[in-house]
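Notes to accompany the following structure.
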Amino acid sequence: MPVKTVMPESRLINLQPSLSWQEEMQQLICTPEELLSCLELPGSLLKAAIQAADAFPLRVPRAFVRKMKKGDVNDPLLRQVLPIRDELFEKPNYSIDPLLESDSNVAKGIIHKYQGRVLLMAAPSCAVNCRYCFRRHFPYQDNNPSRDEWLAVFDSIRADSSITEVIFSGGDPLMNSDKQLAWMVEQLESISHVRRLRFHTRLPVVIPQRIDDSLLNWLDSVTLKTVFVLHINHANEIDRDLALRIDQLRVLGITVLNQAVLLKGVNDTLGVQIELSEKLFSCGVLPYYLHLLDRVQGAAHFECAHDDALQLHRQMQENLPGYLVPKLVAEEPNHGSKTWVV
């Protein structure tokens with residue numbers, strides 16, 4: 001039996017009092033009118049924002065909006081969440097399923113693409129709708145398993161001894177209650193060949209309060225080697241609150257990595273990428289992947305040219321130590337791994 005660490009009454013006593021993550025979820029900004037008003041942005045943006053939000057709803061936590069600069073339509077965080085007219089134009093070579101995940105969606109709630117790893121759609125929604133999301137058209141309504149269906153998923157993992165790592169994705173897995181997450185992890189811990197558990201999550205970035213005492217307490221009891229892969233695209237997304245909560249994950253021995261998407265007008269300059277890597281490392285987070293944009297319909301305006309991306313990555317290698325340079329990758333349909341861009 002692992003030796004339990006005796007922890008203080010609250011792990012987060014140094015943080016200022018704030019709303020719970022559930023309260024933040026109840027106060028999401030879901031209309032372009034409110035987002036523009038909060039940030040004192042011109043009404044001329046409203047018509048296009050409403051049209052684009054009809055196709056892919058606006059959804060953004062107030063905690064994330066508070067990190068944006070008022071009056072700046074080019075704020076790099078705002079650009080990731082504000083619906084705009086460019087989303088409405090269909091582009092050649094862009095599709096609703098750019099990674100052909102439907103081919104790997106072998107059962108409800110499970111995507112099996114890579115050897116030794118399986119991805120579970122642990123939640124059907126996110127706290128924020130990023131406008132470049134490659135799953136903005138994903139059929140979540142068909143991938144929301146019941147308790148019995150989850151048990152069947154775990155039985156399928158139990159029957160495949162090649163699976164050593166399980167990835168909780170979605171949506172965002174931390175949209176689940178701690179009780180539900182703990183139950184799912186208990187099922188995995190009963191499978192002898194599963195050794196690692198990975199969370200792919202953006203929720204702590206947009207609502208840092210999600211990393212609270214309740215979450216930390218049950219994570220402390222997990223016996224699987226646990227990895228959190230955060231999704232942070234710009235250094236402005238990292239504030240003191242998030243940094244302190246990341247530190248609490250690391251106190252538990254959890255490995256924390258970051259994956260970003262290279263986005264035109266958001267983080268496609270050398271200075272921005274250097275600042276992001278440096279700020280991540282100051283929080284104990286290692287840059288992991290820098291993804292080229294997945295060509296999902298509605299996101300073409302975010303794409304950076306392949307040669308520009310490659311040149312930027314080479315400049316990062318020249319200006320940063322190797323451990324602060326994320327791998328530049330693309331995800332291609334029906335490939336057995338990410339493709340390194342060289």
Side-chain angles (χ1 to χ4, degrees), residues 61 63-64 67 76-77 79-81 117 119 126-128 130 132-135 165 167-174 196-211 215 219 225-263 266-294 302 304 309 312-313 315-317 319-331 337-341:
F64 194 58
K67 298 178 184 180
L77 278 57
R79 286 180 62 85
Q80 297 177 57
V81 300
R117 290 153 286 168
L119 184 147
C126 293
V128 60
C130 301
Y132 52 87
C133 179
F134 70 94
R135 290 195 180 123
E165 181 173 27
I167 301 167
F168 281 1
S169 184
D172 194 306
L174 293 187
R196 291 184 302 279
L197 172 66
R198 197 192 316 176
F199 289 84
H200 283 189
T201 179
R202 186 154 166 78
L203 188 45
V205 181
V206 298
I207 304 180
Q209 299 96 308
R210 182 60 185 97
I211 303 177
L215 177 69
L219 281 172
K225 180 62 179 176
T226 303
V227 179
F228 266 60
V229 182
L230 301 176
H231 177 180
I232 302 172
N233 293 317
H234 195 280
N236 289 0
E237 298 175 34
I238 305 171
D239 59 10
R240 177 176 176 271
D241 195 353
L242 176 59
L244 288 172
R245 292 173 191 268
I246 290 172
D247 189 57
Q248 295 300 311
L249 293 174
R250 296 177 61 243
V251 166
L252 300 183
I254 293 172
T255 299
V256 187
L257 308 174
N258 184 65
Q259 58 181 350
V261 181
L262 185 60
L263 301 167
V266 173
N267 59 6
D268 58 333
T269 64
L270 179 61
V272 169
Q273 285 294 333
I274 288 176
E275 185 181 10
L276 174 58
S277 284
E278 295 280 9
K279 201 164 185 179
L280 286 169
F281 192 69
S282 73
C283 303
V285 181
L286 279 177
Y288 175 39
Y289 281 148
L290 178 59
H291 291 262
L292 297 188
L293 183 75
D294 295 315
F302 285 114
C304 299
L312 173 61
H313 194 251
Q315 291 174 331
M316 292 170 66
Q317 291 174 296
N319 286 273
L320 288 166
Y323 57 87
L324 292 189
V325 181
K327 298 180 181 71
L328 183 64
V329 297
E331 191 159 2
S337 67
K338 301 286 191 299
T339 300
W340 291 24
V341 178

Subject >> Check: Val261 main-chain N/O paired with Asn267 side-chain donor or acceptor under 3.5 Å >> reply: yes
Tell me whether the count of non-hydrogen atoms from other residues, nucleotides or ligands lying under 6.0 Å of OH in Tyr289 goes above 12. yes
The reported gap from CG in Leu203 to CD1 in Ile211 (rounded to nearest 0.5 angstrom) is 8.5 Å
Does Lys338 reach the main-chain N or O of Val329 with its side chain, forming a donor-acceptor pair under 3.5 Å?
no
When rounded to the nearest 0.5 Å, the distance separating NZ of Lys225 from CD1 of Ile254 is 8.5 Å
Distance col, row Leu242:CG vs Arg245:CZ, nearest 0.5 angstrom, shows 9.0 Å
Here the gap from Glu275 atom CD to Asn236 atom CG, rounded to the nearest 0.5 Å, amounts to 6.5 Å
For Leu219 and Phe228, run side chain to side chain contact (heavy atoms under 4.5 Å, CB included): C-alpha distance rounded to whole Å, both residues' side-chain angles, the deciding distance at 0.1 Å, then the answer. CA-CA 11 Å; Leu219 281 172; Phe228 266 60; 4.0 Å; yes
**Report entry** Pairing of Glu237 and Lys279 as salt bridge, 4.0 angstrom limit
**Finding:** no
Residue pairs meeting ring-ring contact (aromatic ring centres under 6.0 Å, His included), one or both in residues 240-263, sequence neighbours left out, come to none
inquiry  = Please check this pair: side chain of Arg210 against backbone of Leu174, looking for a donor-acceptor N/O pair closer than 3.5 Å.
reply    = yes
Hits for ring pair (Phe, Tyr, Trp, His ring centres under 6.0 Å) against Phe64, two or more places apart or cross-chain, chain-then-number order -> none
Exactly one candidate in Arg198, His200, Arg135 meets side chain to side chain donor-acceptor pair (under 3.5 Å) with Ser169; the answer is Arg135
Examine distances only and state if a side-chain atom of Arg202 and a backbone atom of His231 form a donor-acceptor pair shorter than 3.5 Å. yes
**Step-by-step side chain to side chain contact (heavy atoms under 4.5 Å, CB included) determination, Leu270 to Met316** = CA-CA 7 Å; Leu270 179 61; Met316 292 170 66; 3.9 Å; yes
Any donor-acceptor pair under 3.5 Å linking the side-chain atoms of Gln259 with those of His291? yes
